[in-house]
Number of protein chains: 2
Amino acid sequence: MVRFPDGERPAPTLEDVARRAGVSRATVSRVVNGATLVAPDTVKSVQAAISDLDYRPNRAARALVTRRTGVVAVVVPEANERVFNDPFFPQAYHGALQGFGNSDVQVVLAIAQPGDPADRMLRYLDSGHVDGAIVLSHHGPALATALARMAIPVVFVGDPETPGLPFVDLDQVDASRQATELLIQRGHRRVATITGPLDMAAGRRRLQGFRDALTAAGLEPGPIEVGDFTQASGRAAAARILASGADFDAIFVANDLMATGALYTFGEAGLRVPDDVAVIGFDNAALAEQSSPGLTTMTNPADELCRVAAEMLIKTLAGVPVTSVILPSHPVLRGSV
Amino acid sequence: MVRFPDGERPAPTLEDVARRAGVSRATVSRVVNGATLVAPDTVKSVQAAISDLDYRPNRAARALVTRRTGVVAVVVPEANERVFNDPFFPQAYHGALQGFGNSDVQVVLAIAQPGDPADRMLRYLDSGHVDGAIVLSHHGPALATALARMAIPVVFVGDPETPGLPFVDLDQVDASRQATELLIQRGHRRVATITGPLDMAAGRRRLQGFRDALTAAGLEPGPIEVGDFTQASGRAAAARILASGADFDAIFVANDLMATGALYTFGEAGLRVPDDVAVIGFDNAALAEQSSPGLTTMTNPADELCRVAAEMLIKTLAGVPVTSVILPSHPVLRGSV
DNA sequence: AATTGTAAGCGCTTACAATT
DNA sequence: AATTGTAAGCGCTTACAATT
């Protein structure tokens, strides 16, 4: 027996709608699910009954028979604070929502909590809560393979470097080559770089593009310093280059946050940008526009990456096979080069 | 008939566990739900069967009979970008997660998208997706009353100013009085303020506390300028005060973001803080620590507010009546007073 | 009295049958 | 052939009966 708390009327069911419209439950179900094999007049009277009763399908009942929850997750395997302070994520989330658009799925943000073991998130994702997931992957293949082992389909944003896993990524090597070529075209011959962490694909590939451009131009790389994508690390890396006394007239910095750090250090050292040193960043973050001089940088459209990933996930859930997508990047010219 | 995609084995059900353990479905259900009226030996063998089969209850089936989804929402009726750039929100979200702790509910972040009409979120919340919601309320009573009309219980963080709706809030008036009293105690007699927007409860009440403190001390209020909680508005309001030529030796600014804006303006005008003008903010945001001089401010613990709200929602869902909670605030002394 | 099982039912979808 | 209905079943929980 089911009891209802006082004052709460049970929500109308398919049965109620069917009775009011004078048809069977099956017919109502067909109308609700947009089937075309219902007579137009029947559709009309069922829709009237639905709106009269303010009927809304019971998700649990539907999920039980369809074996679909109607929920997808946007997974951010990062500690809380980081997520909310990195402008990449709101953009990414917004893009994902756009991508799911009218698909009638509920989008859940799953953010790893600081101190949470990785398997807590895996357990959540693999417990029937969600039908599929988009993973903002900025980590190595360990988490990726674990995610891939799950029963639900997953699309990665950022190459997880694991065969067989569908992903959307920027052409990191090409983008970095473009950035470096831009410096070379402007006549710079001693080009330095501040890289991202080299245990991340984005870190390694942006360094690769840098090297490729110089090799193609017959130039030797200038000083190379490793950063970790934080502003502080950009500041420190720039300081190390200056302290080394190495000669350089331009620098490719693997993200905008580090690039603004480098701008700060150069400013303190009395170097003029771009006259004494040209600087190009990566990401086209909001701060690239705000810095002084404006930071020339490469686009890295988090929203578009996620929009495409969402579309891929929808296809996958519909049984349509998908292949990974590589998006192009282009330079945004401001004052720093 | 139900078909399974090739290669996918159907997940084990209660039935499977029951068979393996040699008991009925009902008994397995009792063990799964932690009932105490099962014989210890039975519990043991059922648990063994569960772990052998890696059984996990089907949420949809459970939800269908219990009429509970096991999902609660943290609702942020704010545009996307704002949310992710305001440090209040990660703190709040983290606190909510803490509050739900081990309660085995799934927490969903529902963030209004820019351009979304308010009823889109209402429809979502009222469509059986969630059992209840915490709403980070920084808006007037219009949204609050709409939310309160829904079938699910809602707890507000921030007084929605609508009778009968449970909320958690800071004692805004008392906190602002404390802040202003601190300035008076330090010997200041001409105390100005930059308020928040006066269509927000927090804006009005912080102004009220300011007035109360001055009245109690027998002092006239100094210049009063209205801001909108952004840094730019703090800068502009401070400039207006300076331009007015009004006399003042201290200022209470209704949030830290505006206070740092005011610090900037005072710095540009050659005023020394705290010697020429003492400044106290509100929120104890991260930037209060980073500014120079460090900003003296009032605590406004988003995480704790949300933790308490989560606990209230859990109680409400369990049928336990709750009453609104007002949390105290205290000053954090740094260099600006 | 303590423990377990039986059976109904939650609200849907969908294969198949029946009707027009 | 187009439209509709019948009835089974998805995987649980829980009132009540039955058993020890």
Side-chain angles (χ1 to χ4, degrees), chain A residues 1-5 8-47 49-50 53-70 104 127-129 131, chain B residues 1-5 8-47 49-50 53-70 104 127-129 131:
Chain A
M1 209 187 85
V2 178
R3 279 186 250 115
F4 298 99
E8 259 182 55
R9 256 214 322 244
T13 68
L14 258 198
E15 185 72 52
D16 299 324
V17 176
R19 199 163 25 232
R20 181 173 248 262
V23 298
S24 74
R25 287 211 307 274
T27 297
V28 178
S29 176
R30 288 184 190 109
V31 172
V32 168
N33 292 292
T36 54
L37 24 67
V38 182
D41 280 0
T42 314
V43 171
K44 217 158 283 171
S45 65
V46 169
Q47 276 168 346
I50 287 175
L53 298 174
D54 192 24
Y55 166 76
R56 275 163 302 183
N58 180 309
R59 318 277 296 195
R62 178 181 279 175
L64 182 55
V65 25
T66 61
R67 299 172 165 284
R68 277 289 172 82
T69 64
D104 190 40
S127 294
H129 285 106
D131 295 333
Chain B
M1 209 189 82
V2 178
R3 279 186 251 115
F4 298 100
E8 260 182 52
R9 258 213 322 243
T13 68
L14 258 198
E15 185 72 52
D16 299 324
V17 176
R19 199 165 23 232
R20 181 174 250 262
V23 298
S24 73
R25 287 210 307 272
T27 297
V28 177
S29 176
R30 289 183 188 108
V31 172
V32 168
N33 292 294
T36 54
L37 24 67
V38 182
D41 280 0
T42 313
V43 171
K44 216 158 286 172
S45 64
V46 168
Q47 276 167 344
I50 287 174
L53 297 174
D54 191 23
Y55 167 76
R56 276 164 300 183
N58 179 308
R59 319 277 294 196
R62 178 180 282 173
L64 182 55
V65 25
T66 61
R67 299 170 165 285
R68 279 289 172 80
T69 65
D104 190 38
S127 294
H129 290 271
D131 294 334

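Only heavy atoms go into these numbers, but all of them, side chains included; no hydrogens, no water, no symmetry mates. Quick caveat: nothing in here was measured; it's all calculated off a predicted structure. The chains referred to below are lettered A, B, ... by the order of the sequence lines, with proteins before strands, and numbering in each begins at 1.
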Whole-Å distance separating the NZ atom of B:K44 from the C1' atom of C:dT4: 18 Å
Nearest-angstrom distance from the residue atom CG of A:L37 to C1' of C:dT13: 13 Å
Secondary structure string for DNA chain D (Watson-Crick or G-U under 3.5 angstrom, | for other-strand pairs): ||||||||||||||||||||
Criterion side chain to side chain contact (heavy atoms under 4.5 Å, CB included) on B:T13 and B:N58, from CA distance to verdict: CA-CA 8 Å; B:T13 68; B:N58 179 308; over 6 Å; no
Quick one: closest heavy-atom pair of [X] and [Y], and the distance?
{"X": "B:V31", "Y": "B:V43", "value": "CG2-CA, 4.1 Å"}
{"X": "B:D131", "Y": "B:G70", "value": "OD2-N, 2.7 Å"}
{"X": "A:L64", "Y": "B:A60", "value": "N-CB, 3.7 Å"}
{"X": "B:A63", "Y": "B:T69", "value": "CB-CA, 4.2 Å"}
{"X": "A:A18", "Y": "A:V28", "value": "CA-CG2, 3.6 Å"}
{"X": "B:V32", "Y": "B:Y55", "value": "CG2-CE2, 4.0 Å"}

Of the listed nucleotides D:dT13, C:dT13, D:dG11, the one nearest the side chain of B:N58: D:dG11
Note, B:V38 side chain near B:T27 side chain (heavy atom, < 4.5 Å): yes
Residues within residues 14-23 of chain B bordering DNA chain C, heavy-atom distance below 4.0 Å: B:V23
Neighbours of DNA chain C within residues 25-32 of chain A, by heavy-atom distance under 4.0 Å: A:R25, A:A26, A:S29, A:R30
Does OP1 or OP2 of [N] have a side-chain N or O of [X] closer than 4.0 Å?
{"X": "B:T42", "N": "C:dT4", "answer": "yes"}
{"X": "B:R67", "N": "D:dT13", "answer": "no"}
{"X": "B:N33", "N": "D:dT13", "answer": "yes"}

Distance (rounded to the nearest 0.5 Å) between A:Q47 CD and A:T42 OG1: 11.0 Å
CZ-CZ distance between B:R25 and B:R30, expressed to the nearest 0.5 angstrom: 11.5 Å
5' precedence on DNA chain C between B:L64 and B:S24 (nearest-nucleotide basis): B:S24
Donor-acceptor contact present, side-chain A:T66 to main-chain A:R62, <3.5 Å: yes
